[in-house]
Amino acid sequence: MKIFNTMTRRKEEFVPLEEGKVKMYVCGPTVYNLIHIGNARPMIVFDTVRRYMEYKGYEVNYVSNFTDVDDKIIKKALEEGVSAQEISTRYIAECRKDMEGMNVKPATTAPLATQEIGGMIEMIQKLIEKGHAYVVGDGTVYFRVKSFRDYGKLSHKNLDDLQSGFRALQVSGEDQKEDPLDFVLWKPKKEGEPSWPSPWCDGRPGWHIECSEMSKKYLGEEIDIHAGGEDLIFPHHENEIAQSECCNGKIFARYWMHNAFLNIDNRKMSKSLGNFRTVRQISEQYDLQVLRFFMLNAHYRSPLNFSADLMESSKSSLERIREAAARLLDRKAAASVPSLLEAEAALLEEAKGFEAKFEEAMDDDFNTADALAAVFELVKFANTHAGEGCSAEFAGALLEKLTRLCDVLGLTLGEKEEILDEEIEALIRERQEARKDRNFARADEIRGELLEKGIILKDTREGVKWKRA
């Protein structure tokens, strides 16, 4: 299994720190509003990485945090006249609803920044003692960037260029820094903001120290994989490395993974451009499994463009897979022959090739686009060979293969269970009676009525099937 490591800018063979186990940290969202589809990409991508690791037999300790104290959260709280905790609690719950809709597995641990303040203070104190951080007059604590000679190794940025750029951008109140590059570890409280006591002043932590502490607490001083969106490479992940390695004296993470940006209609997503989309808005138009399919239909390191046409295409493609699974289920249930036929044994051997292609794609830096291509080859194979005369064992074996591969991608094959209201149920029953009475005009009329209500009927040998348009 090869992973493209942002640190080295090349694919590397994955070798875990501990055989059979993976320690993985993924930066989670700042919870001040509903998550948008840009947030959704790393959630889906790295959930799929986790699923494939588990498919390969690894025990994965997957940690993904919620940043529940931040300027944006405080601003939202002030606007609504409520506490910052009320805002964060509300949107953590909403985020979890969206994650469930996208079939993102709950993290092994999902820590909240506000519950880990004590550990952050201890880490900051250790950095001060080691000479990597310093306190200024108002109690602000800064990290001394030049004390870490490897600063810039992840983003591959030149320290001298960074210094001149930061000097030009220095804002009011930062003249107390020793160097423009130094960044905040702890900052004094402001009126109306949440704060915690510390040896330096009542205040709150800087953003970067949060992930360093939570990763250390729940995964240890060294981890296998640290991941997030490419916008986090600098300064967030660069600063995490500096803090963690200066504090712990060890390499922080062996592999760094970053997904590329997502645009909408070939433009950067922005509220000012009117192309901002939340996951909740998408769920009003599509099953969120369609969004997941769309995200996985491109390599995670490739920029991805969101559009209505591409979502419709993803919807159709996912339906093809689900329809194939439904046919296999029907064949298995209706088959008159239970055991494998002689010719089917050879076909099942041939079908193993699609699984091999799937694994080959995923082993190559989690190439989900090629993995989906292998799934569609299996779908075509099943549609071709699992006909009405196939055995129950053959149909069941193909269904099991298809289900297993789709589960790695987090794609569910069964339609979501939906409840029809009494009026629609009554119309379906009336149509069935009309057909029995050979009143085909009324049957067609009811089909039209149901279509107007967004219900599509399909008459099959196994009975009437329906789905929402």
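By convention here, the first residue in the shown sequence is residue 1. Only heavy atoms go into these numbers, but all of them, side chains included; no hydrogens, no water, no symmetry mates.
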*Asks:* Drop me the distance from Ser302's OG to Asn297's CG, to the nearest 0.5 angstrom.
*Replies:*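 Here the interatomic distance stands at 11.0 Å.
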*Asks:* Determine the minimum heavy-atom distance between Leu288 and Ile282, stating which atoms define it.
*Replies:*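 Smallest heavy-atom distance, with atoms named: CD2-CG2, 4.2 Å.
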*Asks:* Tell me, with the steps shown, if Tyr91 and Asp68 meet side-chain hydrogen bond (donor to acceptor under 3.5 Å, both in side chains).
*Replies:* CA-CA 9 Å; Tyr91 288 112; Asp68 62 337; over 6 Å; no
*Asks:* Salt bridge between Arg204 and Asp71, side-chain N to carboxylate O under 4.0 Å?
*Replies:*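 The answer is yes: the pair qualifies as a salt bridge.
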*Asks:* Does atom CD of Glu312 have more than 12 heavy-atom neighbours from other groups under 6.0 Å away?
*Replies:*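 More than 12 within 6.0 Å, yes.
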*Asks:* Give me the atom names and distance for the closest heavy-atom approach of Tyr62 to Ala107.
*Replies:*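 So the minimum-distance heavy-atom pair works out to O-CB, 3.4 Å.
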*Asks:* Taking all heavy atoms of Thr368 and all of Leu296, pick out the closest pair and write down the distance.
*Replies:*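 Where Thr368 meets Leu296 most closely, the heavy atoms are OG1-O, 2.7 Å.
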*Asks:* Determine whether Val379 and Leu402 make a side-chain contact, defined as any pair of heavy atoms from C-beta on separated by less than 4.5 Å.
*Replies:*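 Side-chain contact under 4.5 Å: yes.
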*Asks:* Looking at Lys2 and Lys11, what are the two nearest heavy atoms and their distance?
*Replies:*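 Scanning both residues, the minimum pair turns out to be CB-CB, 4.3 Å.
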*Asks:* List the steps and the verdict of side-chain contact (heavy atoms from CB on, under 4.5 Å) for His385 and Phe394.
*Replies:* CA-CA 9 Å; His385 297 289; Phe394 181 64; 4.2 Å; yes
*Asks:* For side-chain hydrogen bond (donor to acceptor under 3.5 Å, both in side chains), just list the numbers for Ser391 and Glu344, CA-CA rounded to whole Å, side-chain angles, deciding distance to a tenth of an Å, and then say yes or no.
*Replies:* CA-CA 8 Å; Ser391 69; Glu344 291 174 340; 2.6 Å; yes
*Asks:* Taking the inter-plane angle between the rings of His258 and Trp256 on a 0 to 90° scale, is it parallel (under 30°), tilted (30 to 60°) or perpendicular (over 60°)?
*Replies:*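 Rings of His258 and Trp256: parallel, as their planes differ by under 30°.
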*Asks:* Run the numbers on Ile92 and Leu112 for side-chain contact (heavy atoms from CB on, under 4.5 Å), then give the verdict.
*Replies:* CA-CA 10 Å; Ile92 286 171; Leu112 307 184; 3.6 Å; yes
*Asks:* Short question: side chain of His236, backbone of Trp207 - any donor-acceptor pair under 3.5 Å?
*Replies:*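 No; judged by distance alone, with no hydrogens or angles, the pair does not exist.
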*Asks:* When rounded to the nearest 0.5 angstrom, what distance separates CG in Asn439 from CG in Asp444?
*Replies:*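 The CG atom of Asp444 is 9.5 Å from CG of Asn439, to the nearest 0.5 Å.
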*Asks:* How long is the span from the CD1 atom in Ile35 to the OG1 atom in Thr278, to the nearest 0.5 Å?
*Replies:*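 These two atoms lie 8.5 Å from each other.
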*Asks:* Taking side chain as C-beta onward, heavy atoms only, is Leu304 less than 4.5 Å from Phe294?
*Replies:*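 They are in side-chain contact.
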*Asks:* Would you mind reporting whether Asn61 and Val63 have side-chain heavy atoms less than 4.5 Å apart?
*Replies:*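 Answer yes - side chains close enough.
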*Asks:* Drop me the distance from Arg50's CZ to Ile225's CD1, to the nearest 0.5 angstrom.
*Replies:*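 Output value for this atom pair is 12.0 Å.
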*Asks:* Please give me the minimum heavy-atom distance between Arg292 and Met102, naming the atom from each residue.
*Replies:*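 Nearest pair, atom of Arg292 first, then Met102: NH1-O, 3.0 Å.
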*Asks:* Quick one, Phe293 and Ile321 - any side-chain contact, counting heavy atoms below 4.5 Å?
*Replies:*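 A side-chain contact exists here, since the closest heavy-atom pair is under 4.5 Å.
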*Asks:* Take Glu284 and Arg280 through the salt bridge (Lys or Arg N to Asp or Glu O under 4.0 Å) test and state the conclusion after the steps.
*Replies:* CA-CA 7 Å; Glu284 293 169 359; Arg280 193 63 53 84; over 6 Å; no
*Asks:* Can Glu360 and Lys357 be said to form a salt bridge (Lys or Arg N to Asp or Glu O under 4.0 Å), step by step?
*Replies:* CA-CA 5 Å; Glu360 183 181 358; Lys357 284 184 179 180; over 6 Å; no
*Asks:* Using side-chain contact (heavy atoms from CB on, under 4.5 Å), reason through Asp231 and Phe261 one step at a time and then give a plain yes or no.
*Replies:* CA-CA 8 Å; Asp231 56 313; Phe261 287 118; 3.6 Å; yes
*Asks:* Look only at the side chain of Asp47 and the backbone of Val104, and say whether a donor-acceptor pair between them is shorter than 3.5 Å.
*Replies:*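 Judged by distance alone, no pair lies under 3.5 Å.
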*Asks:* Could you please spell out the steps behind the side-chain contact (heavy atoms from CB on, under 4.5 Å) verdict for Asp363 and Lys56?
*Replies:* CA-CA 10 Å; Asp363 282 341; Lys56 297 284 278 189; 3.4 Å; yes
*Asks:* Can you tell me how far CZ of Phe234 sits from OG of Ser155, rounded to the nearest 0.5 angstrom?
*Replies:*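 Nearest 0.5 Å value for the OG-CZ distance: 5.5 Å.
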*Asks:* A quick test of your reading: do over 12 heavy atoms of other residues, nucleotides or ligands sit less than 6.0 Å from CD of Glu12?
*Replies:*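 More than 12 heavy atoms, drawn from other residues, nucleotides or ligands, come within 6.0 Å of this atom.
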*Asks:* Looking at Phe4, is Arg301 sitting on its ring face, NZ or CZ under 6.0 Å from the six-membered ring centre and within 45 degrees of the normal?
*Replies:*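 Yes.
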*Asks:* Looking at Asn5 and Arg254, would you say the former's side chain and the latter's main chain have a donor-acceptor pair under 3.5 Å?
*Replies:*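 Side chain of Asn5 to backbone of Arg254: a pair is present.
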*Asks:* Is it true that, when you exclude Lys153 itself, more than 12 heavy atoms of the residues, nucleotides or ligands shown sit nearer than 6.0 Å to its NZ?
*Replies:*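 Yes, the 6.0 Å shell around NZ holds more than 12 heavy atoms from other groups.
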*Asks:* What verdict does the salt bridge (Lys or Arg N to Asp or Glu O under 4.0 Å) test give for Glu349 and Lys352, after you've listed the backbone C-alpha separation in whole Å, the side-chain angles of each residue and the deciding distance to 0.1 Å?
*Replies:* CA-CA 5 Å; Glu349 281 298 311; Lys352 289 181 180 178; 2.9 Å; yes
*Asks:* Given the rule in the salt bridge (Lys or Arg N to Asp or Glu O under 4.0 Å) test, do Arg442 and Asp437 qualify, once you have shown the distances and angles that lead to the verdict?
*Replies:* CA-CA 10 Å; Arg442 176 57 183 153; Asp437 296 338; over 6 Å; no
*Asks:* For the residue pair His226 and Glu240, what are the closest heavy atoms and their distance?
*Replies:*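 Reported closest heavy-atom pair: NE2-OE1, 2.9 Å.
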*Asks:* To the nearest 0.5 Å, tell me how far Phe306 CZ sits from Arg267 CZ.
*Replies:*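 Here the interatomic distance stands at 13.5 Å.
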*Asks:* If you define the side chain from C-beta out and look only at heavy atoms, does anything of Leu398 sit under 4.5 Å from Leu348?
*Replies:*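 Counting from C-beta outward, Leu398 and Leu348 do come under 4.5 Å.
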*Asks:* Thinking salt bridges, do Glu433 and Arg429 make one under a 4.0 Å N-O criterion?
*Replies:*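 Looking at Arg429 together with Glu433, the answer is no, because their closest N to O distance does not fall below 4.0 Å.
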*Asks:* Are the ring centres of Phe14 and Tyr58 closer than 6.0 Å?
*Replies:*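 Ring centroids of Phe14 and Tyr58 are less than 6.0 Å from each other.
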*Asks:* Flag the pair Arg51 / Val60 as yes when at least one side-chain heavy-atom distance between them is below 4.5 Å, and no otherwise.
*Replies:*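 Heavy-atom side-chain distance check fails, nothing below 4.5 Å.
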*Asks:* What residues, two or more places apart in sequence or in another chain, satisfy ring-ring contact (aromatic ring centres under 6.0 Å, His included) together with Phe376?
*Replies:*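 Per chain and number, Phe376 pairs via ring-ring contact (aromatic ring centres under 6.0 Å, His included) with no residue.
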*Asks:* Determine yes or no for a side-chain-to-main-chain donor-acceptor pair under 3.5 angstrom, with Ser215 supplying the side chain and Cys211 the backbone.
*Replies:*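 Pair absent, no side-chain N/O of Ser215 close to backbone of Cys211.
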*Asks:* What I want to find out is whether Arg322 reaches Glu319 closely enough, with some N-O distance under 4.0 Å, to be called a salt bridge.
*Replies:*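 No, no charged N to carboxylate O under 4.0 Å.
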*Asks:* In the structure I gave you, are the side-chain heavy atoms of Val49 and Val26 within less than 4.5 Å of one another anywhere?
*Replies:*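 Sidechains of Val26 and Val49: no contact.
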*Asks:* Side-chain polar contacts of residues 16-24 - donor-acceptor pairs under 3.5 angstrom, sequence neighbours left out - could you list them?
*Replies:*
{"unit_1": "Lys23", "atom_1": "NZ", "unit_2": "Leu219", "atom_2": "O", "d": "3.2"}
{"unit_1": "Lys23", "atom_1": "NZ", "unit_2": "Glu222", "atom_2": "O", "d": "3.0"}

*Asks:* Decide, yes or no, whether a salt bridge links Arg96 with Glu100 under the criterion of side-chain N to carboxylate O below 4.0 Å.
*Replies:*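 No.
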*Asks:* On the six-membered ring of Phe354, is Lys401 placed so that its NZ or CZ lies under 6.0 angstrom from the centre and within 45° of the ring axis?
*Replies:*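 Checked: cation-pi criterion not met.
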*Asks:* So Gln115 and Phe66, do their side chains get closer than 4.5 Å, heavy atoms only?
*Replies:*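 Phe66 does not reach Gln115 side chain to side chain.
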*Asks:* Do NZ/NE/NH1/NH2 and the carboxylate oxygens of Arg90 and Glu80 come within less than 4.0 Å?
*Replies:*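 Yes, this pair counts.
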